[in-house]
Structures are given as structure tokens and as C-alpha cells.
Amino acid sequence: MPSVVVGDITRLETDAIVNAANNSLLGGGGVDGAIHSAAGPELLACTKQLGGCPTGEARITPGFRLSARWVIHTAGPVWRGGNANEAALLANCYRHSLQLALLYQVHSIAFPAISTGAYGYPGEQAAGIAVESVRPLEQNFEKILFCCFSESDAAIYRKLIDAT
Ligand code: AR6
């Protein structure tokens, strides 16, 4: 069963952390900016080689100066009101990140609340998709963390996880 932690995802010591990136993979604000700052300039040099990432897909790089060995970069959907395939695309982010993690023998992984910041996805709906999307693959991992930036976000996840 996944767990919930509150704090800065860059400080976690899981094998992999997931980055809520954009299609360019060239960095940005929010959690993406925090991960690039903490990992160091080697991360940007590496993501520049990847040629971007379509929405809902995932790419992997080393974590460089992070404690996490790997960063899995996924590009979430921009919220456009809910009728632009956002839910399926967001579910793809979680599923593809976990599939990539399995290929790299990742045992522990932490997700931020993808798309819920700059991309405007409503937090409760996004949390529901996150919890549902990891469920089919969770038995393949020792630890799956949802890393929330606020206690109020964490409360949403805890309620959903406890209800299942
Ligand atoms: N640790 C954990 N969660 C964080 C951290 C952190 N250090 N910093 C922010 N959050 P966002 P998005 C939370 O905007 O909506 C970037 O510019 C934040 O409170 O980082 O997917 C990218 O380059 C929110 O709950 O990502 C893209 O252009 C969640 O992380 C765009 O933003 C996601 O917020 C992606 O937007």
C-alpha cells in the first residue's frame, strides 16, 4: 500500500523520485525547478539529450547530486476543464513511471502531485487518479510514496488510501 509523506521530494532517499516535468524536459519551476537545483547542472545536460517527452510518457536519468539514484521525468497534462483527456493522460504518467522504474530495478519510488501546481489539475481528482493508477503495480515495489507539499494535500491522499 502506498504511503504519504509531507515535504520536499528532493530530500527523499527512495531509489527513484518522479519529476513533474514538461514536454521539453529542460526544467522549469515548481518541483521540476527544485529537482534540477538539487541534482545539479549535470541533470540538465542529460535531459537535453533526451529529445523531450510526450504528455503521459516518462523518461529516466540518474539523480546526480540527489540521494535518489534515479529521476523519472514525466510530463503531466495541463488542466483544460476535464474534457481534453486529462484523466487518461495523468493516469498514464503514473503507470509509465512505474513501468520504467521496474525496468531499472527500482524498489522504492516517490511521486509528487503531478499536474496539480502550474498545470492546474484539481487536487482531489488528481489524487484519486494517482492512487488508482499505482494500485495494479504496487505489489512490485517495496515502497511507493506520495510526497505532498502541504498537509492539506496529504490529508486528501490519506483519506483515499484509507478508503481502499
Ligand atoms: N517537493 C514536492 N512537491 C513539490 C515541490 C517539492 N520540492 N515543489 C512543488 N511541489 P508543479 P505541474 C508540488 O507546478 O503542475 C514546472 O514549471 C506542488 O505544490 O511543480 O505538474 C514544469 O517545468 C504541486 O502540488 O508541477 C512544468 O512546466 C505539485 O508539486 C510545470 O511546472 C506539482 O506542481 C508542471 O506543472
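Numbering of ligands and ligand atoms starts at 1, following listing order.
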Asks: Do you know the tightest heavy-atom contact between Y94 and I114?
Replies: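 The answer is OH-N, 3.4 Å.
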
Asks: Supply the atom-to-atom distance I144 CD1 to S108 OG, rounded to the nearest 0.5 angstrom.
Replies: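 With rounding to 0.5 Å, CD1 (I144) is 10.0 Å from OG (S108).
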
Asks: Between R135 and E138, is the closest basic N to carboxylate O distance under 4.0 Å?
Replies: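 Judged by the 4.0 Å cut-off on N to carboxylate O distance, E138 and R135 do not form a salt bridge.
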
Asks: Can a side-chain donor-acceptor contact be found between H73 and N19 if the only test is distance below 3.5 angstrom?
Replies: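 Distance-only check passes for N19 and H73.
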
Asks: Enumerate the pairs of nitrogen or oxygen atoms, one from ligand 1 and one from the protein, separated by less than 3.5 angstrom; state names and distance to 0.1 Å.
Replies:
residue, atom, partner, partner atom, Å
ligand 1, 1 (N), I9, N, 3.0
ligand 1, 7 (N), D8, OD1, 2.9
ligand 1, 14 (O), A118, N, 2.8
ligand 1, 15 (O), S115, O, 3.4
ligand 1, 15 (O), T116, N, 3.4
ligand 1, 15 (O), G117, N, 2.8
ligand 1, 15 (O), A118, N, 3.1
ligand 1, 15 (O), Y119, N, 3.0
ligand 1, 17 (O), G29, N, 2.7
ligand 1, 20 (O), V31, N, 2.8
ligand 1, 21 (O), S115, N, 2.8
ligand 1, 23 (O), N22, ND2, 2.8
ligand 1, 23 (O), D32, OD2, 2.7
ligand 1, 25 (O), T116, OG1, 3.0
ligand 1, 28 (O), N22, ND2, 3.2
ligand 1, 28 (O), Y119, OH, 3.4
ligand 1, 34 (O), G117, N, 3.3

Asks: Whether R158 and E151 form a salt bridge (side-chain N of Lys/Arg under 4.0 Å from carboxylate O of Asp/Glu) is what I want to check.
Replies: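 Here E151 pairs with R158 in a salt bridge, since their nearest N and O are under 4.0 Å apart.
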
Asks: Give a yes or no answer on whether the side chain of T61 reaches the backbone of T47 with a donor-acceptor pair at less than 3.5 Å.
Replies: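 Flag not set: sc T61 to bb T47 has no pair under 3.5 Å.
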
